[in-house]
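Since the structure comes first, as structure tokens, the remarks are kept for the end.
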Amino acid sequence: MPELPEVETIRRGLSKFILNKKFVQVEVLCEKSWVGERVTGTVVSLRRYGKALIIDLNTGKSLMIHLRMTGQLIWRGAEQYAAGHPSENFVAELPNKQTRVVFKFEDGVLYFNDQRKFGFIKVLLTSEVENDAFIKKLAKEPWQMNAKELYDKFQHHKNAPVKAVLLDQTIICGLGNIYADEALFDAGVHPETRAGALDEKQVEAILMGARKVMQESIDSGGSTMATYVRADGTRGDYLEKFAKVFRREGESCVRCGAKIVKIRVAGRGTHVCPKCQKVNDD
DNA sequence: CTAGGATCCTGTCAGC
DNA sequence: TGCTGACAGGATCCTA
């Protein structure tokens with residue numbers, strides 16, 4: 001579930017509670033969710049590669065955390081913090097059925113919850129993080145890449161729908177289902193357009209759209225995530241506030257008033273304004 | 001090599 | 001009520 005902006009928000013938010021703090025015990029409740037030996041240690045830094053969060057320890061080891069679809073990190077101490085896939089777990093009694101790993105810190109507990117068990121925590125040598133197969137394959141993030149580079153990559157996937165190409169982390173890193181849809185809407189490009197049919201100007205519009213929607217999310221992420229932990233169970237309002245198409249099927253396009261529709265592209269639910277997002281013919 | 005579909009897993013919701 | 005299938009903010013593996 002979490003895409004780059006959510007993971008960046010988690011990185012910033014969690015730092016406040018676990019940076020320079022020591023966890024003295026780790027409890028693994030689901031073996032599938034943990035790869036490698038059990039470790040303990042003091043957190044010396046939190047980094048991010050695309051959607052992967054890296055927690056470096058003072059022992060020369062690091063934890064690579066990927067939340068995939070339904071992962072969550074929830075801090076319970078004097079204060080509370082929760083981020084990741086929004087659900088009742090943010091305010092639930094923990095640990096519960098979906099708790100996979102428990103980190104016991106001296107002044108609180110960090111829970112890794114993950115309904116579908118697609119996420120994982122992997123122990124790596126800090127010196128080897130960048131050589132990890134997943135990390136190594138990641139492409140640049142939208143801010144590190146220019147339109148020409150992205151255009152050139154599109155030419156290697158001429159026949160794939162542009163949405164599929166945007167979701168491929170080895171082509172451009174950080175977008176997931178929400179931001180792919182939102183970036184394409186911003187650029188006025190239909191998700192089913194073949195990547196090879198786009199001209200450089202359109203590719204640039206997509207890249208700028210991706211930067212814009214993700215930056216907006218990061219800039220507001222803190223407050224958005226904060227609402228998730230309120231005791232009344234209020235959900236984050238990112239989608240209501242910022243999404244122009246995602247999960248707005250049946251509602252009116254903010255640009256032209258046409259009805260937003262939901263279709264299936266690259267095996268994923270895809271939201272599009274059929275009037276102002278065009279498929280290039282060629 | 002690319003493109004597309006199945007798959008991992010649990011839970012929820014719509015439709016019968 | 002109970003069953004069934006579709007689907008889900010991700011990524012990999014398998015096949016053609």
Side-chain angles (χ1 to χ4, degrees), chain A residues 1-10 29-33 35 49-53 64-73 83-90 92 96-100 112-122 132-139 153-185 191-197 210 213-214 216-218 221 224-225 228 235-250 262-271:
Chain A
M1 149 271 142
E3 305 175 35
L4 186 153
E6 284 72 32
V7 179
E8 176 61 17
T9 298
I10 291 170
L29 305 180
C30 174
E31 284 303 324
K32 188 177 189 291
S33 305
V35 182
Y49 290 88
K51 303 175 191 173
L53 179 68
M64 174 171 116
I65 304 180
H66 202 308
L67 302 173
R68 291 280 183 100
M69 296 282 264
T70 54
Q72 307 167 311
L73 288 168
H85 181 66
S87 85
E88 298 307 318
N89 283 334
F90 286 0
N96 65 17
K97 204 164 45 167
Q98 297 179 352
T99 304
R100 309 302 176 203
F112 172 59
N113 270 37
D114 184 17
Q115 176 186 117
R116 294 174 73 180
K117 301 185 181 176
F118 292 165
F120 58 86
I121 299 176
K122 184 176 180 181
D132 176 84
F134 175 78
I135 304 285
K136 209 167 181 172
K137 279 189 303 190
L138 294 177
K153 289 192 175 214
F154 278 17
Q155 307 320 306
H156 295 288
H157 305 272
K158 280 184 173 302
N159 294 316
V162 60
K163 168 149 178 184
V165 175
L166 291 180
L167 291 175
D168 185 336
Q169 305 296 299
T170 69
I171 293 170
I172 182 168
C173 178
L175 299 196
N177 210 31
I178 296 178
Y179 299 102
D181 283 4
E182 294 298 324
L184 288 167
F185 173 80
E192 287 177 312
T193 310
R194 306 282 137 183
V213 296
M214 292 173 101
E216 270 180 18
S217 174
I218 291 171
T224 303
M225 291 296 194
Y228 287 146
R235 302 294 183 84
D237 57 352
Y238 170 78
L239 292 175
E240 290 149 39
K241 268 169 76 180
F242 297 101
K244 306 284 198 298
V245 286
F246 196 81
R247 288 191 193 149
R248 290 194 69 242
E249 61 268 30
K262 185 174 181 183
I263 57 175
R264 213 156 178 83
V265 181
R268 308 293 301 274
T270 298
H271 311 76

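In what follows, every heavy atom counts, from backbone to side chain, and hydrogens, waters and symmetry copies are set aside. Letters go in sequence order (proteins before strands), and every chain restarts at 1. Remember, it's a predicted structure, so these values are computed and weren't measured experimentally.
- Judged purely by distance below 3.5 Å, without hydrogens or angles, the side chains of A:E6 and A:Y179 pair a donor atom with an acceptor atom.
- Between A:R268 and A:D181 there is no salt bridge, since no side-chain nitrogen of the basic residue lies less than 4.0 Å from a carboxylate oxygen of the acidic one.
- Which of B:dA3, C:dA11, C:dG9 sits closest to the side chain of A:N159 comes down to B:dA3.
- Put simply, A:F118 rests on the base of C:dG10: the two rings are less than 5.5 Å apart at their centres and nearly parallel, under 30°.
- Distances were taken from every side-chain heavy atom of A:K32 (C-beta onward) to each of B:dG11, B:dG4, B:dC8; the shortest belongs to B:dC8.
- Taking atom CG on A:D168 and atom P on B:dC1, their separation rounds to 14 Å, with Å as the unit.
- Distance CD (A:E216) to C1' (C:dG9): 17 Å, rounded to an integer number of Å.
- The distance between atom CZ of A:R268 and atom C1' of C:dC7, rounded to the nearest whole Å, is 11 Å.
- If you check the side chains of A:Q115 and A:S87, you find no donor sitting under 3.5 Å from an acceptor.
- Listed nucleotides B:dT10, C:dG9, B:dG4 differ in distance to A:P161; the shortest reach to its side chain belongs to B:dG4.
- For the P atoms, the distance from C:dG9 to B:dT2 is 27 Å, rounded to whole Å.
- A:D114 has no carboxylate O lying under 4.0 Å from a charged side-chain N of A:R68, or vice versa, which leaves the two without a salt bridge.
- Put simply, A:K51 has no side-chain N or O that comes within less than 4.0 Å of OP1 or OP2 on C:dG9.
- Under the Watson-Crick or G-U wobble criterion, with both distances below 3.5 Å, C:dG9 is left unpaired in every strand shown.
- For B:dC9 and C:dC14, the P atoms lie 15 Å apart once the distance is rounded to whole Å.
- Residue-level contact check: A:G119 touches neither bases nor backbone, having no heavy atom under 4.0 Å from any strand.
- The A:K117 side chain lies nearest to B:dT10 when the options are B:dG4, C:dA8, B:dT10.
- In this structure, the separation between CD on A:E249 and OG1 on A:T270 is 11.0 Å, given to the nearest 0.5 Å.
- Listed pair A:R247 / C:dG9 meets the phosphate criterion, a side-chain N or O lying under 4.0 Å from OP1 or OP2.
- Formation of a donor-acceptor pair under 3.5 Å by the A:Q72 side chain with backbone atoms of A:A83 is not found in this model.
- Applying the 4.0 Å criterion to OP1 and OP2 of B:dG11, one finds that A:K97 has a side-chain N or O inside that range.
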Pairs under 3.5 Å (N/O, protein and nucleotides 12-15 of chain B):
none

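- Remark on DNA chain C: of its neighbouring residues A:R264 and A:T170, the 5'-side contact belongs to A:R264, judged by nearest-heavy-atom nucleotide.
- We find that CD of A:E3 is positioned 13 Å from C1' of C:dA8, with the value rounded to whole Å.
- Side-chain proximity of A:H157 to the nucleotides B:dA3, B:dC9, C:dT12 is greatest for B:dA3.
- Side-chain nitrogen and oxygen atoms of A:K163 include none within less than 4.0 Å of the OP1 or OP2 phosphate oxygen of B:dG4.
- Counting heavy atoms from C-beta outward, A:L67 and A:L73 have side chains that approach closer than 4.5 Å.
- Residue A:H85 contributes atom NE2, which lies 10 Å from atom C1' of B:dT10 at whole-angstrom precision.
- The CG atom of A:L67 sits 16 Å away from the C1' atom of B:dT10 (whole-angstrom rounding).
- Separation of the P atoms belonging to C:dC7 and B:dG5 is 13 Å when rounded to the nearest angstrom.
- The nearest whole Å value for the distance from the CZ atom in A:R116 to the P atom in B:dT7 is 14 Å.
- None of A:F134, A:Y49, A:F118 except one satisfies the ring pair (Phe, Tyr, Trp, His ring centres under 6.0 Å) rule with A:H66; the exception is A:F134.
- C:dG9 atom P lies 8 Å from atom NE2 of A:H271, rounded to whole Å.
- In summary, the side chains of A:N113 and A:Q98 do not present any donor paired with an acceptor at a separation below 3.5 Å, with no hydrogens or angles considered.
- As judged by a 4.0 angstrom heavy-atom cut-off over every strand, A:G267 is placed among residues making no nucleic acid contact.
- Using C1' as the reference atom, C:dG10 and B:dC1 are 24 Å apart when rounded to the nearest Å.
- Between A:H156 and B:dC1, a side-chain N or O to OP1/OP2 separation shorter than 4.0 Å is absent.
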